[in-house]
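Please read these numbers as outputs of a predicted model, since none were measured by experiment. Lettering of chains follows the sequences in order, A, B, ..., and the numbering in each one begins at 1.
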Number of protein chains: 4
Amino acid sequence: MKTGFFGDIQKIKYEGPDSTNPLAYRFYNPDEIVAGKRLEDHLRFAVAYWHSFAWEGSDPFGGRTFDRPWYDGEMEKAKLKADVAFEMFSLLGAPYYCFHDADARPEGKTFAEDKKNLEEIVDYFAQKQEETGVKLLWGTANLFSNRRFMSGASTNPDPDVFAYSAATIKTCMDATQKLGGENYVLWGGREGYETLLNTDLSREFDQMARMLHMVVDYKHKIGFKGAILVEPKPQEPTKHQYDYDVATVYGFLKKYGLENEVKMNIEQGHAILAGHTFEHELALANAHGIFGSIDMNRNDYQSGWDTDQFPNNVPEMALAYYQVLLAGGFTTGGTNFDSKLRRQSINPEDLLIGHIGGMDSCARGLKAAAKMLEDGALSKPLADRYAKWNDAEAQKMLRGDYSLEEITARVERENINPEPKSGRQELLENVVNRYV
Amino acid sequence: MKTGFFGDIQKIKYEGPDSTNPLAYRFYNPDEIVAGKRLEDHLRFAVAYWHSFAWEGSDPFGGRTFDRPWYDGEMEKAKLKADVAFEMFSLLGAPYYCFHDADARPEGKTFAEDKKNLEEIVDYFAQKQEETGVKLLWGTANLFSNRRFMSGASTNPDPDVFAYSAATIKTCMDATQKLGGENYVLWGGREGYETLLNTDLSREFDQMARMLHMVVDYKHKIGFKGAILVEPKPQEPTKHQYDYDVATVYGFLKKYGLENEVKMNIEQGHAILAGHTFEHELALANAHGIFGSIDMNRNDYQSGWDTDQFPNNVPEMALAYYQVLLAGGFTTGGTNFDSKLRRQSINPEDLLIGHIGGMDSCARGLKAAAKMLEDGALSKPLADRYAKWNDAEAQKMLRGDYSLEEITARVERENINPEPKSGRQELLENVVNRYV
Amino acid sequence: MKTGFFGDIQKIKYEGPDSTNPLAYRFYNPDEIVAGKRLEDHLRFAVAYWHSFAWEGSDPFGGRTFDRPWYDGEMEKAKLKADVAFEMFSLLGAPYYCFHDADARPEGKTFAEDKKNLEEIVDYFAQKQEETGVKLLWGTANLFSNRRFMSGASTNPDPDVFAYSAATIKTCMDATQKLGGENYVLWGGREGYETLLNTDLSREFDQMARMLHMVVDYKHKIGFKGAILVEPKPQEPTKHQYDYDVATVYGFLKKYGLENEVKMNIEQGHAILAGHTFEHELALANAHGIFGSIDMNRNDYQSGWDTDQFPNNVPEMALAYYQVLLAGGFTTGGTNFDSKLRRQSINPEDLLIGHIGGMDSCARGLKAAAKMLEDGALSKPLADRYAKWNDAEAQKMLRGDYSLEEITARVERENINPEPKSGRQELLENVVNRYV
Amino acid sequence: MKTGFFGDIQKIKYEGPDSTNPLAYRFYNPDEIVAGKRLEDHLRFAVAYWHSFAWEGSDPFGGRTFDRPWYDGEMEKAKLKADVAFEMFSLLGAPYYCFHDADARPEGKTFAEDKKNLEEIVDYFAQKQEETGVKLLWGTANLFSNRRFMSGASTNPDPDVFAYSAATIKTCMDATQKLGGENYVLWGGREGYETLLNTDLSREFDQMARMLHMVVDYKHKIGFKGAILVEPKPQEPTKHQYDYDVATVYGFLKKYGLENEVKMNIEQGHAILAGHTFEHELALANAHGIFGSIDMNRNDYQSGWDTDQFPNNVPEMALAYYQVLLAGGFTTGGTNFDSKLRRQSINPEDLLIGHIGGMDSCARGLKAAAKMLEDGALSKPLADRYAKWNDAEAQKMLRGDYSLEEITARVERENINPEPKSGRQELLENVVNRYV
Ligand SMILES: [Co+2]
Ligand SMILES: [Co+2]
Ligand SMILES: [Co+2]
Ligand SMILES: [Co+2]
Ligand SMILES: [Co+2]
Ligand SMILES: [Co+2]
Ligand SMILES: [Co+2]
Ligand SMILES: [Co+2]
């Protein structure tokens with residue numbers, strides 16, 4: 001039953017912080033209770049099918065470096081790929097996975113062929129899920145790799161591509177529903193432009209909104225219980241993507257009345273590319289009530305493309321999970337490793353080691369965050385800082401009980417001349433360093 | 001009556017493209033009719049009081065380099081500054097100027113002193129406007145330089161700073177109204193954060209929205225006819241500014257129901273810092289119906305701060321004015337030179353030369369843009385590209401007459417398999433190069 | 001004899017600035033005399049075989065978009081590719097081309113196969129050159145695409161890869177010599193690292209220097225008359241490339257005593273990625289005596305990867321050619337279009353249109369630069385600015401005739417207290433705008 | 001004797017990792033032996049006089065936020081500043097400090113006044129050093145703040161500024177010598193350009209090299225035992241600085257024969273601005289034999305200017321100190337906190353807290369690095385990776401015993417076809433995470 005791909009490696013176990021076994025967890029103990037919940041239930045780890053099983057190690061200047069037995073074939077190879085994938089999920093003890101249609105099924109020549117192939121592989125996934133207990137965190141449609149999408153999917157100047165995209169999304173939503181997926185994600189990798197010279201923004205926004213409305217309608221129609229998530233990214237592959245960042249998507253949702261139906265799948269790497277910290281994007285989504293799920297990885301701050309590395313900087317990750325906890329933790333969402341090996345990491349065990357390091361770092365980050373929250377290490381000073389706003393007069397001012405003239409009159413009458421107070425940033429940074 | 005600051009330099013004249021006189025216009029002929037309107041009325045040039053008269057040439061590693069007779073003094077010096085400023089507006093033939101309270105008046109120790117000083121200088125400005133015919137494009141409040149604003153103005157954790165800011169805005173709106181200003185601008189240079197560790201985003205957004213609502217209410221109350229404009233900037237001076245870019249501000253306005261009351265003042269340099277082209281920000285503001293005015297300058301693409309150089313790349317500027325023309329041209333807005341001399345450009349005539357180069361480049365860019373628009377050089381290919389969306393079925397799909405299932409059924413029935421079409425980017429770029 | 005790939009398009013002609021024919025030159029008149037030399041002899045245009053004929057339109061998120069008759073085949077297809085390529089060189093009137101071994105020959109399974117394939121295609125190229133009069137500007141080896149090079153070519157931790165790379169370079173130098181190539185280029189796309197954790201900088205520098213020494217030795221041995229050129233690039237595909245920029249390569253050449261044997265092939269896009277302007281890299285190479293040739297393209301300033309677009313911003317290009325002219329113009333070097341179509345530009349004629357726009361922009365830029373130089377528009381003010389250094393005492397100080405103490409004594413004695421002078425940047429920028 | 005500035009705060013003590021006292025060290029125990037040396041002797045901490053005592057909290061959009069009793073005065077205030085500074089050094093237990101002339105002395109109107117003021121304050125510093133036992137890590141001249149240096153110091157177009165700079169450097173070298181400074185640093189903040197249009201690179205390089213030669217000569221003449229250090233920075237305040245990064249300075253030193261006389265003072269923030277990691281710059285300096293000292297801070301990766309924050313990311317810092325240890329540790333150099341408070345951190349105790357956090361993070365990073373080195377955690381896998389280069393044939397190839405033809409012949413003869421090996425990046429990253 002084992003494929004043999006991972007040799008004789010056994011299920012990865014928790015061995016504690018002192019372990020030097022590269023194939024063991026040092027911090028991720030799924031059953032450990034943190035802030036009243038099992039660590040596994042906090043983190044809700046998912047493996048991304050695409051990076052680990054479909055990507056071949058190519059980059060813009062070089063081709064395939066990996067050498068996997070499931071490459072270059074049709075349905076049988078696709079099933080072998082699934083066998084290895086679910087084997088890896090089980091070895092890692094990862095409770096979830098995520099996939100695009102194109103990662104999983106062989107590519108057909110027509111929509112009908114693609115659909116038929118997808119249905120066959122979805123049946124196979126269902127059986128694998130049954131056997132392993134692994135679940136689907138989310139499904140999604142790949143509307144960016146095939147040349148038919150080169151000028152956009154829903155935002156294509158050709159309405160036939162819009163239609164084709166709609167049909168593809170439907171099959172992927174159906175697959176997600178069938179597999180018990182807990183969310184459905186849209187990443188608009190081609191919904192953007194290379195040049196404004198050939199682009200009509202208003203038209204393309206309307207097209208994109210129409211598609212999203214149809215997705216929401218279909219969700220309700222089929223009784224899909226999960227969340228519809230949009231994943232922002234500012235650029236790459238295109239010059240400009242419409243789902244630039246959380247703030248931009250929020251404005252779009254508000255414009256088209258979708259803010260109560262759609263939430264965010266926020267990726268560290270995409271936050272960075274947009275000029276934001278990961279925790280900023282998380283905090284903003286929470287402030288706007290649209291926090292959903294996260295794609296966990298790490299971008300090289302100094303490479304201008306999406307490096308999608310396995311995350312490992314615990315102090316940074318603690319700040320991200322702190323925002324997740326502030327948002328109440330995950331409901332339907334989870335921690336999807338949208339992370340890929342470096343293309344030189346060609347050994348099968350590298351696949352495990354990348355995930356182990358990522359999962360351990362997440363666990364360490366989350367535990368630090370939970371402790372900070374429990375201690376009120378940051379929240380107490382924060383409350384103090386804004387305390388004067390709790391005064392009755394301040395509250396009235398904030399609620400809008402006073403006009404500009406009334407406030408001005410009070411400033412003059414009371415000769416208000418505020419003295420600044422220390423923001424204590426270094427103190428707070430040192431406090432965080434007590435936890436990480 | 002002349003201050004002598006500019007020696008014997010006379011009013012700058014249009015001498016045509018072949019002139020080699022550094023103190024003449026080669027392209028800016030205010031009376032030239034372009035697309036049915038005088039060039040002056042298209043461009044609506046304004047000089048920024050701050051950069052040319054208040055900034056002293058300092059940068060983070062060095063102090064004052066300029067040596068102006070109005071430095072280091074009180075009201076008399078402030079009036080000398082105004083004398084030179086209006087002299088320069090007249091020499092340039094610039095129809096407008098813009099200012100912050102702090103650029104114009106000596107700084108007081110209290111709100112009352114600041115207000116009194118401002119009122120005195122506003123009277124002086126009024127007299128200068130009368131004498132010269134120069135008008136006020138917009139006024140604004142400086143809520144970022146004084147240490148009291150170090151942790152924010154409307155978003156300060158101290159409600160007294162909110163109140164002080166409100167009072168300051170009122171005095172500046174009053175000044176703008178009195179001087180016949182055609183817009184009122186808000187730039188939130190301190191409305192942001194240095195670290196999320198000490199920041200409550202939701203609170204601060206609510207505070208900022210309250211202030212903006214009061215501004216809008218006061219505008220209506222006093223019958224101010226101009227537009228209320230917000231100027232986005234992503235960062236600098238802070239780590240993150242809430243008015244990050246046009247998309248972000250749009251989302252904010254929608255959240256707080258302000259999208260019909262507030263428009264955008266878009267700066268080239270700030271667009272660049274946010275990772276966008278200037279024309280992107282203009283096109284987006286137009287698509288969202290919130291285009292207002294522009295701050296014209298040029299940022300060094302490779303310096304990570306706001307270099308605010310005089311603009312001079314005509315091909316880029318033509319694309320920006322093309323978007324302005326697509327938006328219908330300026331109504332209350334205009335072209336404000338938010339541009340400053342390099343700090344080594346210490347001669348009085350450098351002030352004129354910087355503006356002359358900028359005005360000439362704008363004129364050249366606008367004329368190219370107007371011709372492109374007149375010829376349909378870009379708009380005809382654009383219409384062609386999206387032509388299939390004019391079909392009745394496509395329109396129905398866009399309007400929402402079909403569901404995901406209905407579209408999918410059609411894709412299957414008609415075996416839709418779209419063939420991509422060339423985006424012709426290089427062709428369009430070559431077309432633009434015919435005009436610039 | 002015609003392949004039919006370009007339909008009935010005829011040789012592109014010069015039609016002058018007023019032409020609106022997209023398949024004509026408006027500025028590139030090869031026989032026009034500029035500063036005493038034919039424009040063709042100034043610019044020495046070359047087409048890059050790789051981008052136009054080997055690249056298939058893929059990007060990190062999508063596959064092939066182009067649909068060329070020479071894809072997916074062996075030697076016959078490689079020859080068809082050559083037929084179309086030389087047809088395009090002739091249609092454009094491009095006097096030169098450049099290629100890597102891997103662009104031109106089918107890939108073999110062993111070194112012997114690759115070598116045999118290359119030799120066959122080189123014979124075919126020789127015949128094509130003979131027929132068309134097109135010449136080889138430079139040849140080069142692709143030591144980055146195949147997985148064997150994933151951890152470096154000369155800098156690989158495996159000495160067998162070093163050996164394999166050496167052998168590949170030899171075959172490419174032989175090919176270049178046979179085809180009368182005027183330069184030989186090395187671009188170290190994999191000579192760098194992904195992480196310092198697995199990298200020994202000193203070892204890898206020594207390996208890289210050894211290879212370069214062998215290349216120089218072999219050049220002399222076979223009597224190759226052309227220049228050996230290194231092409232800097234800071235990153236992409238790797239995290240850090242050793243040939244980071246001109247300054248870095250210069251230090252490397254000095255360290256290993258190669259500065260008189262090797263010159264630079266400088267690319268606009270790579271200059272930008274390294275944080276420099278193109279003209280900076282050109283001026284620096286000239287200052288260090290290592291200017292060789294240019295790869296002309298344009299990078300999107302706001303995309304963090306090498307976009308390799310066709311160049312079209314004439315004001316920027318004029319400043320680049322100004323530096324080329326200051327360096328004395330090209331000797332063995334030339335203007336290679338290391339530019340590729342946008343992946344949506346899938347029509348055969350887009351290939352021509354991209355090059356036509358690029359060539360026209362170069363011609364326009366060079367003519368502007370030549371005129372500026374002829375007029376002394378920049379060089380006269382430059383000489384004035386430094387004029388005081390021509391004084392005898394200043395020259396003695398510069399030559400080293402005075403010590404720190406002697407100079408200090410003079411400062412004290414003469415109470416030297418220098419007054420700054422305007423740098424006149426805006427004036428000079430306006431002067432440049434008179435030419436572009 | 002105490003100034004009272006820090007209230008009743010006592011000398012900061014080491015209290016161990018569990019301390020929650022914000023005014024205690026948790027990791028910096030100066031007497032702890034790490035790898036055979038006291039921690040204090042490893043780290044050699046220095047406080048930067050400028051950021052903590054001369055900078056007033058201003059940024060490009062706002063003025064002074066701090067409120068220090070030594071502002072706005074002459075010599076008495078300068079002495080009060082010194083009193084507080086040395087009090088802080090003692091409270092922190094920092095063994096060293098660093099200063100520019102302009103930080104320490106009141107500014108005069110002439111060179112003679114500046115010199116006299118400096119001499120007076122140097123005498124005062126000498127007495128303070130005597131009293132406290134604090135030593136001078138390095139001295140340096142501020143050749144960037146005064147407007148006379150706006151167009152460069154040694155690279156100024158005016159030879160009088162060159163002379164003035166030389167005289168200033170002499171006085172600062174004399175001061176450093178007198179105070180027993182262990183290094184002398186040159187940071188060329190104005191040695192660069194704003195625009196190539198007014199710049200002659202070759203001339204300016206020659207001027208800069210002349211100055212550096214005179215500095216080296218003077219060092220030998222006065223028997224200064226310390227190192228001459230250059231501190232690279234790529235840009236800010238200028239568009240381009242000549243001491244761009246380690247690689248660039250190395251090339252410059254080689255060009256002018258100074259590579260054995262001058263070493264590097266490498267700053268984290270400047271490494272980042274140049275597009276490098278800090279550890280890259282350190283490793284490169286070590287590879288070129290020019291490693292000297294470090295300026296420890298942290299730059300925001302997403303702000304394009306030098307944020308000079310106190311460092312706190314221990315995993316990153318461990319990698320930096322790992323390179324310091326690979327270079328053999330500091331000799332004359334040390335860890336200078338070129339770090340400044342955020343401008344909102346206006347309380348006296350913030351000054352202490354910033355340094356405490358930085359020192360603790362450094363201690364933690366160094367201890368992790370020392371343990372990694374002791375365990376061979378990275379060095380053993382590194383040696384394995386390159387092991388094949390130890391073979392006799394590989395060594396001969398590297399030494400240059402074989403030509404390109406001979407190697408090619410061997411590749412053909414032996415049919416060499418190398419198989420890539422995993423770079424194991426994720427494994428090594430996980431290993432590092434065991435130490436931090
Ligand atoms: Co993702
Ligand atoms: Co990503
Ligand atoms: Co502005
Ligand atoms: Co600006
Ligand atoms: Co190139
Ligand atoms: Co390139
Ligand atoms: Co420093
Ligand atoms: Co710094």
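Neither the backbone nor the side chain of C:Phe252 comes within contact range of chain D, judged by heavy atoms closer than 4.5 Å. Heavy-atom distances place both the backbone and the side chain of C:Met397 under 4.5 Å from chain D. The part of C:Gln323 that comes within reach of chain D is its side chain, from C-beta onward, which places non-hydrogen atoms under 4.5 angstrom from that chain. Residue contact with chain D, scored on non-hydrogen atoms closer than 4.5 Å, is absent for C:Leu326. Within the 4.5 angstrom heavy-atom criterion, no atom of C:Asp217 approaches chain D.
Distance check, rounded to the nearest 0.5 Å: CD of C:Glu419 to CG of D:Asp160 gives 11.5 Å. With values rounded to the nearest 0.5 angstrom, C:Tyr256 atom OH is found 10.0 Å from D:Lys254 atom NZ. To the nearest 0.5 angstrom, D:Asp245 atom CG is 5.0 Å from C:Thr248 atom OG1. In this structure, the separation between CZ on D:Arg385 and OG1 on C:Thr199 is 5.5 Å, given to the nearest 0.5 Å. Rounding to the nearest 0.5 Å gives a distance of 3.5 Å between CD of D:Glu412 and NZ of C:Lys115.
At a cut-off of 3.5 Å, with distance as the only test, a side-chain donor of D:Glu204 or C:Tyr386 sits close to an acceptor on the other residue.
Taking the six-membered ring where the residue is Trp, C:His280 and D:Tyr193 present tilted rings, their angle falling between 30° and 60°.
Between chain D and the options C:Arg410, C:Arg148, C:His240, heavy-atom pairs under 4.5 Å are most frequent for C:His240.
Legend: residues meeting side-chain contact (heavy atoms from CB on, under 4.5 Å) with D:Ser379, ordered by chain and number and at least two apart, are D:Tyr322. The side-chain contact (heavy atoms from CB on, under 4.5 Å) check on C:Val216 picks up C:His220, C:Leu258, C:Glu261, C:Val262, with sequence neighbours excluded.
Taking a cutoff of 4.0 Å between a charged side-chain nitrogen and a carboxylate oxygen, D:Lys221 and C:Glu405 qualify as a salt bridge.
Partner of D:Leu404 under the side-chain contact (heavy atoms from CB on, under 4.5 Å) criterion, out of C:His213, C:Lys219, C:Met173: C:Met173 alone.
At least one side-chain heavy atom of D:Trp389 sits less than 4.5 Å from a side-chain heavy atom of C:Gln207. Counting only heavy atoms from C-beta outward, the side chains of D:Thr408 and C:Phe111 approach each other to under 4.5 Å.
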